[in-house]
Amino acid sequence: MTASPSRPQQPGPALSEGAGPAAGRLRVFWKLIQEIRPLLGRPVDFQDRFRRILARHRAIGARDRRLLRDWSFTWLRFKEWMDLAANDPDRERLLLMLCSPGVD
């Protein structure tokens, strides 16, 4: 048997373009990022402002707020990488991978 030549993997559609609760949470996340971007680099109490922005979205439950907060602070921590991947449909997979707990 001969091995078939490997093909480069094509990126899939962005996860937020799908249906279901996960896609909806990702869409809310990207809207949230658009709201917090203007706060970056300004002398404001970021955590307080961020809490207020989350509170404005009344439809978001406590668990989803915690999830969005985790994703947002991970996005901030790796912002340069996320900006480099801005046009990559796999950027959401990158974000979720960065949010995943490490494996020992």
Side-chain angles (χ1 to χ4, degrees):
M1 292 186 139
T2 60
S4 62
S6 64
R7 293 184 209 170
Q9 187 174 359
Q10 298 294 327
L15 297 174
S16 61
E17 293 174 7
R25 287 180 187 108
L26 282 166
R27 284 190 292 273
V28 170
F29 166 73
W30 291 118
K31 289 178 186 174
L32 184 65
I33 291 300
Q34 294 308 313
E35 290 184 53
I36 65 173
R37 261 188 197 275
L39 301 177
L40 301 177
R42 292 176 49 198
V44 297
D45 182 0
F46 183 81
Q47 287 186 340
D48 183 55
R49 282 287 188 84
F50 186 72
R51 184 186 52 76
R52 286 187 207 171
I53 289 170
L54 276 177
R56 272 191 261 152
H57 297 277
R58 298 203 184 274
I60 300 172
R63 288 182 183 166
D64 285 341
R65 275 195 299 275
R66 190 170 34 247
L67 177 70
L68 291 169
R69 189 173 21 257
D70 287 347
W71 285 355
S72 298
F73 282 100
T74 298
W75 177 84
L76 282 169
R77 190 175 307 119
F78 297 104
K79 182 182 173 310
E80 293 172 7
W81 286 11
M82 296 304 295
D83 286 347
L84 287 174
N87 296 320
D88 187 342
D90 286 333
R91 72 180 175 156
E92 292 166 348
R93 288 176 179 84
L94 173 65
L95 173 73
L96 296 177
M97 182 191 72
L98 293 171
C99 289
S100 299
V103 178
D104 292 335

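Remark: Arg49 does not engage Asp45 in a salt bridge, criterion side-chain N to carboxylate O under 4.0 Å. In this structure, Asp48 pairs ionically with Arg52, as a charged nitrogen and a carboxylate oxygen lie closer than 4.0 Å.
Leu68 approaches Arg25 most closely through the heavy-atom pair CD2-O, 3.7 Å.
The number of heavy-atom neighbours closer than 6.0 Å to CZ of Arg37, taken from other residues, nucleotides and ligands shown, is above 12.
There is a path of hydrophobic side-chain contacts, each under 4.5 Å, that joins Phe29 to Leu76.
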Chi angles and distances behind the side-chain contact (heavy atoms from CB on, under 4.5 Å) call for Trp71, Ile33: CA-CA 10 Å; Trp71 285 355; Ile33 291 300; over 6 Å; no
Stepwise side-chain contact (heavy atoms from CB on, under 4.5 Å) test for Val28 and Lys31: CA-CA 5 Å; Val28 170; Lys31 289 178 186 174; 5.7 Å; no
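One finds the CD1 atom of Ile53 at 12.5 Å from the CZ atom of Arg69 (value rounded to the nearest 0.5 Å). With values rounded to the nearest 0.5 angstrom, Leu84 atom CG is found 9.5 Å from Lys79 atom NZ. Note that CG of Leu32 is 12.0 Å distant from CZ of Arg65, once rounded to the nearest 0.5 Å.
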